[in-house]
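Okay, structure first, notes after.
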Amino acid sequence: MSDVYEAELVVGQRQFVADGVLALTLCHPLGEQLPAWEPGGHIDVMLGPGLERQYSLCGDPADRTAWRIAVLREPAGRGGSAHVHEQLRQGDKVRVRGPRNHFALEPAPGYRFIAGGIGITPILPMLAAAESRGAQWSLLYGGRTRDSIAFTGELGRYGDRVTVAPQDETGLLDLASVLDDVPEGTLVYCCGPGPLLDAVEARCPAGVLRLERFTPKEQEGGENTEFEVELAQSGRTVTVPADVSVLDAVRGAGVEVLFSCTEGTCGTCETDVLEGAPDHRDSVLTDAEREAGETMMICVSRCRGKRLVLDL
């Protein structure tokens with residue numbers, strides 16, 4: 001855990017890029033370079049006690065002087081977006097951890113990008129990367145209204161490869177136009193609200209979809225039962241009761257573990273599994289990663305048997 005970057009950064013530019021969407025740049029107070037990142041990366045932003053949120057990096061990965069995030073104001077949210085919009089001002093300091101990436105842009109000859117609302121944030125730098133690689137790509141981008149769709153000015157340079165589809169003008173996104181004829185080797189990247197992701201998953205050809213969820217997907221985990229977790233680094237064994245998460249059990253035993261969302265969406269608590277079969281209940285790992293069983297998100301996932309050995 002010592003190699004995880006964590007620092008107090010300074011809020012630089014604040015800019016509204018759509019109705020209810022505020023973009024912020026974060027810089028090191030002493031002008032030091034920030035860690036490198038790749039498209040799809042996100043950071044944890046510690047806004048206050050019990051108020052830690054994850055935001056996708058949506059700037060230029062080549063710019064090591066600043067990180068850019070964009071935050072949608074959610075009136076019915078849990079307070080994170082309201083804090084950013086109402087209290088974070090230019091010059092304020094905020095503690096940040098990361099970046100990490102569970103939504104990396106894999107090499108491919110072509111891409112079909114689909115974004116809904118604030119889901120454009122991880123995809124925005126992917127477009128520039130796909131362009132620089134000479135890949136064939138297109139973006140279908142929807143939102144409630146034209147004024148609520150962020151970064152349309154930046155997207156304008158890509159011409160007709162970008163289709164912006166406000167729902168009040170065109171209805172639901174025409175997924176058939178993107179997914180019914182995906183060429184061999186082309187990957188589909190999608191981020192946005194849960195119903196959009198579910199619809200894309202249902203329609204997308206097998207093996208080509210890569211997606212990121214901001215909210216947890218409904219899981220079909222087994223019945224919660226008690227099991228034991230052996231912590232290989234410390235040589236301790238911890239009992240995990242049926243009504244307690246692995247994360248809480250480990251922390252209750254005094255073991256320091258990085259965590260953030262506690263919903264299985266951010267990947268902060270990903271832990272190597274040395275023995276045993278995890279019962280995966282996260283919204284991060286791919287089917288192949290779940291099948292391999294080499295890591296698990298200990299905030300939500302459990303054990304299929306009676307014992308796990310974790311690299312903690």
Side-chain angles (χ1 to χ4, degrees), residues 1 4-6 40-57 69 71-72 74 76-84 94-103 118-119 121-122 191 193-194 197 211-229 231 233-234 236 238-273 276 278-286 289-290 293-304 308 310-312:
M1 289 184 286
V4 177
Y5 179 82
E6 185 171 331
H42 71 263
I43 56 175
D44 304 326
V45 181
M46 282 72 88
L47 299 168
L51 204 60
E52 182 173 325
R53 298 292 183 266
Q54 293 74 46
Y55 298 111
S56 296
L57 293 169
I69 60 174
V71 181
L72 170 67
E74 299 183 84
R78 296 176 296 157
S81 66
H83 183 97
V84 171
V94 62
R95 181 155 289 277
V96 171
R97 182 174 60 228
R100 62 177 52 84
N101 197 337
H102 285 279
F103 193 42
I118 199 62
T121 50
C191 187
L197 301 185
L211 55 78
E212 182 172 60
R213 292 182 179 272
F214 293 142
T215 56
K217 181 181 180 181
E218 182 120 2
Q219 300 292 336
E220 297 181 359
E223 180 184 356
N224 283 9
T225 58
E226 182 176 289
F227 57 95
E228 289 190 341
V229 172
L231 310 179
Q233 292 183 28
S234 61
R236 303 180 62 183
V238 176
T239 298
V240 182
D243 59 348
V244 176
S245 69
V246 177
L247 174 65
D248 287 343
V250 168
R251 293 183 67 229
V255 178
E256 296 260 340
V257 183
L258 285 180
F259 69 98
S260 184
C261 73
T262 69
E263 295 179 325
T265 59
C266 75
T268 304
C269 70
E270 184 173 13
T271 301
D272 288 342
V273 179
D279 178 8
H280 295 291
R281 305 184 186 186
D282 65 276
S283 302
V284 176
L285 296 177
T286 65
E289 289 169 333
R290 289 177 174 225
E294 295 175 351
T295 69
M296 64 183 289
M297 306 302 157
I298 61 173
C299 66
V300 292
S301 297
R302 301 187 65 80
C303 179
R304 291 182 185 173
L308 288 172
L310 301 181
D311 190 15
L312 290 173

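This is a predicted model, so every value here is computed, not measured. Numbering starts at 1 and runs along the sequence shown. Every heavy atom of this structure was used, including side-chain atoms; hydrogens, water molecules and symmetry mates were not.
The main-chain N or O of Pro278 is found under 3.5 Å from a side-chain atom of Arg304 such that the two form a donor-acceptor pair. Distance alone, capped at 3.5 Å, places no donor-acceptor pair between the His42 side chain and the Pro99 backbone. Judged by distance alone, the side chain of Asn224 and the main-chain N or O of Ala242 form a donor-acceptor pair under 3.5 Å.
With rounding to the nearest 0.5 angstrom, the CG atom of Leu247 is 11.5 Å from the OG atom of Ser301. Atom-to-atom distance recorded for Leu308:CG and Phe227:CZ is 5.5 Å, nearest 0.5 angstrom. The structure places OG of Ser245 at 14.0 Å from CE of Met297, a figure rounded to the nearest 0.5 Å. Here the straight-line distance linking atom CG of Leu57 with atom CG of Asn101 works out to 9.0 Å at 0.5 Å rounding. With rounding to the nearest 0.5 Å, the separation of CG in Leu285 from CE in Met296 is 10.0 Å. Rounding to the nearest 0.5 Å gives a distance of 7.0 Å between OG of Ser260 and CZ of Arg100.
In this structure, Thr271 and Asp311 approach most closely via the heavy-atom pair CG2-N, 4.3 Å. Taking each heavy atom of Ile118 and Phe214 in turn, the nearest pair found is CG2-CE1, 3.7 Å. Shortest non-hydrogen contact noted between Gly293 and Val273 is O-CB, 3.5 Å. Nearest heavy-atom pair, Ile298 versus Leu310, reported as atom, atom and distance to 0.1 Å: CG2-CD1, 4.0 Å. When every heavy atom of Cys191 is checked against every heavy atom of Gly119, the shortest pair comes out as CB-O, 3.4 Å. When all heavy atoms of Val246 and Val240 are compared, the closest pair comes out as N-CG1, 4.0 Å.
When the shell of 6.0 Å around CD of Glu6 is examined, it contains more than 12 heavy atoms from other residues, nucleotides or ligands. At most 12 non-hydrogen atoms from other residues, nucleotides or ligands lie less than 6.0 angstrom from CZ of Arg236.
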Passes side-chain contact (heavy atoms from CB on, under 4.5 Å), Val238 versus Glu228? Steps please.
CA-CA 6 Å; Val238 176; Glu228 289 190 341; over 6 Å; no
Assess the residue pair Arg97 and Glu52 against the criterion (salt bridge (Lys or Arg N to Asp or Glu O under 4.0 Å)); give the C-alpha distance rounded to whole Å, side-chain angles, the decisive distance to 0.1 Å, and a yes or no.
CA-CA 10 Å; Arg97 182 174 60 228; Glu52 182 173 325; 2.5 Å; yes
Given side-chain contact (heavy atoms from CB on, under 4.5 Å), test Asp282 with Thr265 step by step and report yes or no.
CA-CA 6 Å; Asp282 65 276; Thr265 59; over 6 Å; no
Using side-chain contact (heavy atoms from CB on, under 4.5 Å), reason through Met46 and Val94 one step at a time and then give a plain yes or no.
CA-CA 7 Å; Met46 282 72 88; Val94 62; 5.7 Å; no
I would like to know whether Asp44 and Arg95 meet salt bridge (Lys or Arg N to Asp or Glu O under 4.0 Å); could you show each step before the answer?
CA-CA 8 Å; Asp44 304 326; Arg95 181 155 289 277; over 6 Å; no
Pair Leu47, His83 - check side-chain contact (heavy atoms from CB on, under 4.5 Å), show working.
CA-CA 7 Å; Leu47 299 168; His83 183 97; 3.8 Å; yes
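Within the 4.5 Å cutoff, no side-chain heavy atoms of Phe103 are placed close to those of Val284. Within the 4.5 Å cutoff, the side chain of Val71 has heavy atoms near those of the Tyr55 side chain. Looking at Val255 and Leu231, their side chains come closer than 4.5 Å, going by heavy atoms from C-beta outward. Proximity of Phe259 to Cys299: side-chain heavy atoms (C-beta onward) are nowhere separated by under 4.5 Å.
With no hydrogens or angles considered, no side-chain donor-acceptor pair links Ser81 and Glu74 at under 3.5 Å.
A side-chain hydrogen bond (donor to acceptor under 3.5 Å, both in side chains) with His102 holds for exactly one of Glu289, Glu270, Glu212; it is Glu270.
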